Every structure is written in structure tokens, then in C-alpha cells.
Enquirer: 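Shown below is the structure under consideration.
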Amino acid sequence: MNVMTRPEAPDFAALIGKDRVHGSLYTDADIFRMELQRIWYRTWVYVGHESEVPKPFDFVTKSIGPQPIIMTRGADGQINLLQNRCPHRGNQVCTEAQGNARKFTCPFHNWTFANDGRLEATAFADGYKDQDMSALSLGKVTRVASYRGFVFGSFAADGPTLEEHLGGAAETLDRLCDSSPTGEVEITAGFLQHRVKANWKFVLENETDGYHPAFVHASVFKVTESGIGSLYGSKSTALTRDFGNGHTEIDLRPEFRLRDQPLSWFGTSPERLPDYVAAMEQAHGPEKAWQVMIDGTPHVMIFPNLFIAEIQIFVLQPRAVDDTVQHVTALQFKGAPDMNRRLRQQTMGSVGPAGFLLADDSEMYERTHRGVLSRDPEWLYLARGEHRERLDSDGFRVSHATDEVPSRGIWRHYRQIMEVA
Amino acid sequence: MGMITVEQDLTRRVEQFIYAEARLQDEHEYAAWEALWADDAIYWLPANGDDIDPEQQMSIIYDNRSRIGVRVRQLLSGKRYTQDPKSAIRHLITNVEVLDQTGDEVSVGCNVMVYESSLRGETLWAARTEYLLRDTPDGFRMARKKVALVNNDKPLFTLSFLI
């Protein structure tokens, strides 16, 4: 069978095998359009964090795929996810990246909307005499839900709840919040926006690919005293894990527990962050605080677009089949200024367009995208570690840090949701 | 010597320094470029505007002297894949003005365009660049260089050459 000449609805069973996927899944614009309908405009997608709109009437511009979204906090404290489109004739009602506004006024014909999207007033209202205008509000993302401050949206009226969607991966967000002495994470340092000319799924898969760091990031390991390299070596005890629903992680705790050094995961020590350590001990008690600081924060990819990379958060935004933006900023722990300063400094060094790590990852995304346009071989081979994957005590697939359990898990989920018309 | 002549002489020296720095960047002379920095240097590319507080907000680059050294050593490592092959680049610099002079320090502003050709394709970068130069017996040293890209609030492609 020649899968390159397929009818309108692709046969995903033919494109996605147990240990291989077809290159066209990354480059076919028709498949990208279908992904928008079946993933981005249907399932739960991460949009923003509650701490980005702390006060009533705060707003910040976000996105779901190519669509701009305004995230607002209403007078009632509720989070709204609005579409940036006037219901009159389609003009964008908000051009600021963030701010505080009780109303959005469309500059085209001066229609005014409350910050929860309701139409409040029209200009020269006598022109609409006896007309029912009640349905003419800003479009809203149908379902909005948050977990530990992380706000997700779904355009589908029905479907799994956010907690059902997160499933076993919810525990990684709990684990992250445990590293904050107040139990709260904040997103307050502003985002870098790093664009790549590559399909979004290369980024998605790479986030929990433990095979590449030893090679792609060799330059960093060579010129700094980074302790990261050994986590991804052939002798590593760290694990790749498939939580199901497309969520995957690299669980580095086994390595950090061997080191048995608090804050070793962050390349530092309790002596250098005394205020943070004191706050953690007060919050958790010394024993649990010590364990949390040995274990470190998670390295988890929440499908399809929220990546927690120990010290920073990435939000993936596909804009076209070969145009992806990585929005990235430092995680901040409420009530931990000394820790937060280091989180910002390390994040700035590592990520973004000039980052020591991400500039090289992004180079690989772009080269890979060009690579898979070749016709032979047509397939990407994802079989690494199949012989040694096993189920952990929670029933999740795990394997060696460098194995391709995450990619296989992502594609299993992808096929399932893409096959639903 | 009249005052105007002294100022013209300073501007001329500053321009020559900035052009020389640009040439080292264009020709990927990383070690020679690193030697232009003062020990207390800051190399800064703000994001999301030109006047953010880099101690509180994310910047594209916010390197102290030690981190400038890491950046250069990474480029020299032979495994900085995003610059292997190296981007072909040319800096075009204009509107050079001496903005202030205090003791041995000179503040300078200029407009910069960089044309980059890399494996991805061609990219045009434009910025307002400001320097704090320190006059030493060995010539000027950069105590601070701020490169404010005009589109630093937008998604940007990888910027891994020295700008």
C-alpha cells in the first residue's frame, strides 16, 4: 500500500504502528487541519495560570493553537477564556498583551463588552430597535477548569473532565507545588517566545526524550559543571513513564535519591538557599522538606502543550504545520524570593532563542522537519527499549531514561483521538 | 584644540570600536570578541519591551561576565549545533551617537541591522543598541551592551550567533 496517496480521511492505523510513525504526520497540512479540529479545538489544552491574572478585571492574551484567547478574571473572581473577535463584524477587540480592564471596546463600531464577554452596549443603539442582541457576546471557550492554578480550556461541551484527562499526570503537578513553601506556583516573570520552523509534535516528543541530551547538549555539559549529563547516560536509573492520555515524564527521582543531596537536582545546596530551605522546613516539617528537596521538581509533558521542565514552564503553540512557538518562562514559588531569583537566572541561561539548551533543541526540530520531507525512508523508528519496558506499581509503562516509551505513549493516544470523527 | 574637535575625535574612536566589534561577531572571532568585555560586564537582550527590569523579568540574554564566558566556550566547543554550520551574518550599524560621557566612561547609542543566512533560511534582525564603554590604556572595553530588538515582544527564531 502506498500511504502517500490516501483519500481524504487518512488511515491512522496505517500511519501509526507499534514502533514507527509515518513522516507525513509531521508535514501534511491536511493532517494539521484535522489536528486543530480533533485535538486543539476539542480536548483539554493548557491556556494560562491563575497567577497571571491575580486581581479582578486583569487580563492576559493567550492562545489555543493559532487562535488568540483572552484570559480574564471577572468581577466575581472567575477565570474566563474569551475569543478575541467582535461578534458584530469580526474585528479584534484586544490588542494589548496584558492589563486590567473592566470592558473591552471594539474600535471598529464601539461595541462594548464586559470582561466576561457579555455585550454591554452598542453605539447608536436605536439602530437595533426590537432586536434580540443577547447572543452577541464574545465567543467563550466552552469549558474552563483549573488544577493547582493551571488553567485549561476545551471547546467541546462534553468529554472527560480535566481531572479525568490529567489522570496519573495530575500527581506531577502536586509534586511541583510541593516544592513551593506555600504550595503555590506563580507565573510572573514574563514569557520568552521562541519560534521554530517545524511541526509541533517534534517539540512535544522531544520534551520527554531522554536519549538526545547526551548528544544535543554535549556542548553545555562540556563547558559547565552541569550535573545533568549523567541523568541521561546509559547507566542512569531514571525512568521514562507513560501516564496514558498522551502525558509522559522522565522521572529523575531515582538518580537524585542515589545522590541523596537536597537541591542537587537544581545544581545547588541548602547553604546557598537558606531562606528557601527554612521556609520549606517550616511548611512541610524537616523530614518531608528534605525528601522534597532531594527529589526535585518534575519533568513532565502534559499532552498536548504544557511542559514542566523542572525549573521552567513551556507552552507549545502550533500556528501552522511547520510553525510552532514555544512560550517559556521560569517557574516561581510563592514565598521563596531567593529560590525564585535562581530559577529566573537559570531559565534565562537555558531557554529561549539564545538559550544554551533550547537553541540546540530547536535546531534539531527544524533539521528534523526538513529531514522527514524526504521520501525514503518514510518512517520514523521508535522502538528503543521495547524489550525492557514494564509496568510500575501504578500500572504505568516505564523504562530506562533513554527509551522511547514517551513517544510510543504519545502516538498511541494521538491515534485514539484522531480516529474520533 | 577646540571642543568640537575633541567630540568628533571621541565619536570617531567610538565608531571604530563598534565597527571592529561587529567585524569580530560577523567573522565568528569568539575569543577576540570576548576580550572586549570588562570584568564587570553585562550583555543584555531584553524581551517584551526595552525597559523591563532584568532582575525580575525574562530576557533573551542577560549575561554577566562569567556567563559571557560560558557562551563563548559553548560556541568554541565544536558541539554548538545551532552554529555548526555557522550562520553567515553581517551587521550594518548607523546613527552612532555619543549620549553621555562621565570620567572614563562613554555611553553610546546606535541602530543596528543584522542579515543572517542559516540552514533555516534568511532572517533580518533590527535593534537599538546601547553601549557603556570604558576607556582603558588598551582601548575601549564594553562594560554594558544592551541590544533591544524591535520585535522582542514577538515570537523569534533561534538567535545563536553573537549580536
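Since the structure is predicted, the reported quantities are computational estimates derived from the model, not experimental observations. Residue numbers begin at 1 in each chain, while the letters A, B, ... track the order of the sequences.
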Enquirer: Got a donor-acceptor contact below 3.5 angstrom from the Arg80(B) side chain to the Phe356(A) backbone?
Expert: yes
Enquirer: With the side chain counted from C-beta on, respond yes when Leu156(B) and Gln193(A) share a heavy-atom pair under 4.5 Å apart, and no when they do not.
Expert: no
Enquirer: Measuring heavy-atom distances to chain B, does Val325(A) have an atom under 4.5 Å in its side chain, in its backbone, in both, or in neither?
Expert: side chain
Enquirer: Considering non-hydrogen atoms only, spot the tightest contact between Gly190(A) and Gln57(B) and give its length.
Expert: N-OE1, 3.5 Å
Enquirer: Look up atom NZ in Lys79(B) and atom CZ in Phe221(A), then write down how far apart they are to the nearest 0.5 Å.
Expert: 12.0 Å
Enquirer: What closest approach, in Å, do Glu55(B) and Arg341(A) show between heavy atoms, and which atom pair accounts for it?
Expert: OE1-NH2, 3.5 Å
Enquirer: Any chance you could measure Gln345(A), atom CD, to Asp63(B), atom CG, to the nearest 0.5 Å?
Expert: 11.0 Å
Enquirer: Can you name the nearest heavy-atom pair linking Tyr81(B) to Phe215(A), along with the distance?
Expert: CE1-O, 3.3 Å
Enquirer: Non-hydrogen atoms of chain B under 4.5 Å away: do they reach the side chain of Lys197(A), the backbone, both or neither?
Expert: both
Enquirer: Would you give the length of the straight line joining atom CE of Met58(B) to atom CZ of Arg344(A), rounded to the nearest 0.5 angstrom?
Expert: 7.0 Å
Enquirer: If you count the non-hydrogen atoms of other residues, nucleotides and ligands that lie under 6.0 Å from CZ in Arg12(B), is the total more than 12?
Expert: no
Enquirer: Please report the interatomic distance CZ(Arg120(B)) to OG(Ser362(A)), rounded to the nearest 0.5 Å.
Expert: 9.0 Å
Enquirer: Sort Ile61(B) into side chain, backbone, both or neither according to what part of it lies under 4.5 angstrom from a heavy atom of chain A.
Expert: side chain
Enquirer: Would you say Lys222(A)'s side chain and Ser77(B)'s backbone share a donor-acceptor pair under 3.5 angstrom?
Expert: yes
Enquirer: Asp153(B) versus chain A, heavy atoms under 4.5 Å apart: side chain, backbone, both or neither?
Expert: backbone
Enquirer: Inspect the surroundings of CD in Gln98(A) and state if more than 12 heavy atoms from other residues, nucleotides or ligands are less than 6.0 Å away.
Expert: no
Enquirer: Between Glu366(A) and Phe157(B), what is the shortest heavy-atom contact and its length?
Expert: OE2-CD2, 3.9 Å
Enquirer: Going by heavy atoms in the side chains, are Gln74(B) and Asp360(A) under 4.5 Å from each other?
Expert: yes
Enquirer: Determine whether a donor-acceptor pair (N or O, by modelled atom type, separation under 3.5 Å) exists between the side chain of Asn48(B) and the backbone of Leu192(A).
Expert: no
Enquirer: Quick one: does Pro155(B)'s side chain get under 4.5 Å of Arg319(A)'s, heavy atoms only?
Expert: yes
Enquirer: For Arg71(B) versus Ala354(A), what's the shortest heavy-atom pair and its separation?
Expert: NH1-O, 2.9 Å
Enquirer: Answer whether the closest heavy-atom distance between the side chains of Leu119(B) and Glu363(A) falls below 4.5 Å.
Expert: yes
Enquirer: At a 4.5 Å cut-off on heavy atoms, which part of Thr329(A) comes close to chain B: side chain, backbone, both, or neither?
Expert: both
Enquirer: Taking atom CG as the centre, does Asp53(B) end up with more than 12 heavy-atom neighbours from other residues, nucleotides or ligands that are less than 6.0 angstrom away?
Expert: yes
Enquirer: With rounding to the nearest 0.5 angstrom, report the CG to CZ distance, Leu159(B) to Arg195(A).
Expert: 14.0 Å
